[in-house]
J.: 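Starting off with a structure, shown below.
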Amino acid sequence: MCGLLAAYDPGGVALAPLLAGLGDLRHRWPDASRHGVAEEGRLFLGHTRLKIIDLSDDANQPMLSPDGRYALIFNGEIYNYRALRAEIGGAWAWRTQSDSEVLLALFARDGAACLHRLNGMFAFAIYDRERHCLFLARDRFGIKPLYSVEIGRTMAFASEIPPLLRLLPSVVEDRRAIRTYLETGAYDCGPLTFFRDVQSIEAGCWMEIGLAKGEKRTERWYEFARNIPDLSGMDEAELVEETESRVRQAIVDHLVSDVPVGLNVSGGVDSSFLVRVAVESLGEAHLFCQDYAAPYSEAAWVREVAAGGRLHVSDLSWRDIDGDLAATVRSQAEPFGGVTVCGYNAIYRRADENGVIVLLDGNGADEVFLGYKRHHQIYVREAAGTAEEASRRAAYEEFWREPAPRAGPTGASIDGTVPVRPAAIAPELLESVEALPRPASMGFDDPVRDAAADDLLRSKIPRGLRFNDRVSMAHSKELRVPYLDHRLVEFGFGVPVGMLLNGSGTKAVFRKAAARRMPAHVAFAAKRSVQTPQREWLANEWQPRVRSILASNSFAARGWIDAGAALDIYEDYLAGARENSFFIWQWLNLELWAREFLDGGRNSA
């Protein structure tokens, strides 16, 4: 895990802001930082390194090919690098044992086609001195970030947003992103960021820039829907067997490292499966968990599945989260998901204390294997008026212990509740910009799979990946997500929906595979959606903070949220309408973000 910064200016790059921007990535380079200039001063390549594979300085970047034609700056990991290196063999004059050099060698041989051979998480740039071009690419699901700015004929790219802000004449919010966020709850769902002049290069895409004339070409190299297998011919026993095999392989592949590896865990079946396989492979592992007071504590569940691991539980209060809030606003650089994101700071501090550099996380299994209540609700509603309605309804009620939904829209949250309050959006914002349109479909005929694809590719996983990258790298830790191994994701989406949503609950074949390694009451436990006391804190301990922000001059003056309407909605919340608190978090988080990045930290009232 590293950081990269590249810039091209036909008039010559200005080094001072670029070197300062490289300094902004210092948390991503506790081990090395280096830069170079090419194309007669028109191209800058900077890299910061956290050493994970091949700890020698020979693997530092920018990394040059033996003939000097190519220069690589790379953030991420290539998990199948050993097999690829063996395939290339003596056709390359190897100088390191790194996955970075394998990527460089593969690109030199195959060009953009090499992307299809990579199993990993990556964002990289390669300069071709002979063709005078810069090639940039991002992995299939956007696990590793890559942002861009264009100012006139100047183009720049970075692993995080703050280095790019140094290159802008002024820092301005993107009001389309803000309206979309407040109206639909969507963010991190495409190239748009909360900064008007900063874009995210989309997942599964590459870009090539001709440095002679500055022309730019972009192409999508990975089409998810085209890679999903037809598994309709497999019976349940075969699917369970294959699920277990593929989950195990994905986790084992993600353990490759020359530094200590640990796990972020919770009390759910996804983490439990991760722990079981990782401990089997490693023999022992450090396990890290954030926990909160009852009724939100998962400590008992975590301890039950932590056998063979050394468990470190961080018991967190509102004061702990409050102490990390300002730093998290800065490191995220855009609004983020809530208390849980702040809570990860404690996990990474404990990892640091125990010498752990790489951590694996259980994100992705619910999107791939249909683990959310919302998925099950859609499945039931789609059977209305058909012969399957009664059986689907009965299965839902057996698992969730609540009446199955009969009519009405499914909420936007994973627990089926509605997280946003568009009524509080300021008329000024509504009149000035439109929200980004939500795609009518993600291209899947089955409505459950279409909703899951939206979670995976647009509405949930992309923002979660950004949260995880920033909070882990703020502590110079690498986070890996084995359930987003593309081979496993493609397989999971090929499993028939009826094999995943039934009397065994959500993600049924996944649970049955997991049950081979853990007690049934863990493998088949219903998902617990709310994991922190955020709702209570926003009504009690954080009430003075919320009221102060809603009453502040800056909050009203931005023209994003109607302060009076927000206060009325907040009073209803305090009176008991608390099934979802995200909209209050939005108001709080947006204002704190604006004070930090738009006001330069000056505005506190």
Side-chain angles (χ1 to χ4, degrees), residues 75-76 121-123 138-149 157-165 173-205 220 222 224 328-342 344 361 363-364 366-368 372 412-414 419-420 433 435-439 442 451-474 479 481 483-484 489 560 582-583 585-590 592-594 596-597:
N75 173 29
M121 55 180 187
F122 51 85
R138 198 169 175 212
D139 66 64
R140 294 168 180 84
F141 301 120
I143 301 171
K144 290 295 98 197
L146 188 58
Y147 296 95
S148 68
V149 296
F157 308 89
S159 297
E160 295 186 13
I161 290 175
L164 301 177
L165 300 182
E173 78 274 16
D174 192 301
R175 295 171 74 84
R176 295 170 303 162
I178 291 172
R179 176 171 174 178
T180 303
Y181 175 59
L182 293 172
E183 190 169 297
T184 70
Y187 54 131
D188 291 87
C189 53
L192 203 67
T193 74
F194 283 83
F195 297 92
R196 188 178 66 190
D197 299 304
V198 181
Q199 289 200 318
S200 173
I201 294 178
E202 294 194 70
C205 289
R220 178 165 296 281
Y222 178 68
F224 175 57
T328 307
V329 169
R330 287 192 295 273
S331 63
Q332 289 290 323
E334 295 184 277
F336 56 95
V339 163
T340 304
V341 179
C342 293
Y344 276 109
D361 190 280
N363 280 342
D366 287 314
E367 290 74 17
V368 174
Y372 294 129
S413 292
I414 59 176
V420 293
V433 293
L436 291 179
R438 186 183 185 92
M442 297 299 292
D454 186 85
D455 290 338
L456 175 71
L457 303 174
R458 181 183 178 277
S459 65
K460 187 173 183 296
I461 286 296
R463 67 187 186 231
L465 292 172
R466 190 252 295 177
F467 304 158
N468 289 341
D469 177 82
R470 300 310 181 280
V471 72
S472 62
M473 288 309 304
L479 187 69
V481 280
Y483 291 132
L484 291 181
V489 175
W560 306 338
F582 180 65
F583 57 94
W585 175 262
Q586 285 182 308
W587 304 336
L588 173 72
N589 195 188
L590 261 180
L592 294 177
W593 167 78
E596 179 67 32
F597 289 96

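Just so we're clear, the structure is a prediction, and the values are computed from it rather than from any experiment.
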J.: Considering all heavy atoms of both residues, which atom of Y187 and which atom of R463 are nearest to each other, and what is their separation?
T.: CE2-CD, 3.3 Å
J.: Go through the structure and list residues passing side-chain hydrogen bond (donor to acceptor under 3.5 Å, both in side chains) with W585, not counting sequence neighbours.
T.: N589
J.: After noting the C-alpha distance and the side-chain angles of Y483 and N363, does the key distance pass the side chain to side chain contact (heavy atoms under 4.5 Å, CB included) rule?
T.: CA-CA 7 Å; Y483 291 132; N363 280 342; over 6 Å; no
J.: Can you check side chain to side chain contact (heavy atoms under 4.5 Å, CB included) on Y372 and K460, steps first, answer last?
T.: CA-CA 12 Å; Y372 294 129; K460 187 173 183 296; 2.6 Å; yes
J.: Which heavy atom of V329 sits nearest a heavy atom of F597, and at what distance?
T.: O-CE1, 3.5 Å
J.: If I compare all heavy atoms of V471 with all of V341, which pair ends up nearest, and what's the gap?
T.: CG2-O, 3.7 Å
J.: Looking only at heavy atoms, what is the nearest atom pair of K144 and D469, with distance?
T.: NZ-OD1, 2.8 Å
J.: Quick one: does V420's side chain get under 4.5 Å of L182's, heavy atoms only?
T.: no
J.: Working to the nearest 0.5 Å, report the span between CG of D139 and CZ of F122.
T.: 5.5 Å
J.: Restricting to non-hydrogen atoms, name the atom on L465 and the atom on G142 that form the minimum distance, rounded to 0.1 Å.
T.: CD1-O, 3.7 Å
J.: Please check if the side chain of Q586 supplies one atom and the backbone of Y181 the other of a donor-acceptor pair under 3.5 Å.
T.: yes
J.: Apply side chain to side chain contact (heavy atoms under 4.5 Å, CB included) to T180 and list each qualifying residue two or more places apart in sequence or on a separate chain.
T.: T184, A186, A435, L436
J.: Return the CE to OG distance between M442 and S459, rounded to the nearest 0.5 Å.
T.: 8.0 Å
J.: Check the pair L588 / L592 against side chain to side chain contact (heavy atoms under 4.5 Å, CB included), numbers first and verdict last.
T.: CA-CA 6 Å; L588 173 72; L592 294 177; 4.2 Å; yes
J.: My understanding is that only residues two or more places apart in sequence, or in another chain, count here; which of them pass salt bridge (Lys or Arg N to Asp or Glu O under 4.0 Å) with R179?
T.: E183
J.: Considering residues at least two apart in sequence or located in another chain, which fulfil the ring pair (Phe, Tyr, Trp, His ring centres under 6.0 Å) criterion with F141?
T.: Y222, F224
J.: Walk me through it: do C342 and F336 pass the test side chain to side chain contact (heavy atoms under 4.5 Å, CB included)?
T.: CA-CA 9 Å; C342 293; F336 56 95; 3.8 Å; yes
J.: Under the ring pair (Phe, Tyr, Trp, His ring centres under 6.0 Å) test, which residues partner W560, sequence neighbours left out?
T.: none
J.: Can you confirm whether Q332 sits close enough to W593 that some side-chain heavy atom of one is under 4.5 Å from a side-chain heavy atom of the other?
T.: no
J.: Please find the pair of heavy atoms, one from P145 and one from R470, that lie closest to each other, and give the distance.
T.: CG-NH1, 3.8 Å
J.: Taking only Lys NZ, Arg NE, NH1 and NH2, and the carboxylate oxygens of Asp or Glu, determine whether E202 and R138 approach each other closer than 4.0 Å.
T.: no
J.: Only distances under 3.5 Å count here; give the side-chain donor-acceptor pairs of residues 188-198 to other protein atoms, sequence neighbours excluded, each with its distance to 0.1 Å.
T.:
| unit_1 | atom_1 | unit_2 | atom_2 | d |
| --- | --- | --- | --- | --- |
| D188 | OD1 | R466 | NE | 3.4 |
| D188 | OD1 | R466 | NH2 | 2.7 |
| D188 | OD2 | R466 | NE | 3.1 |
| T193 | OG1 | F195 | N | 3.1 |
| T193 | OG1 | F195 | O | 3.1 |
| T193 | OG1 | V198 | O | 2.8 |

J.: Are the side chain of D454 and the backbone of R458 linked by a donor-acceptor contact shorter than 3.5 Å?
T.: no
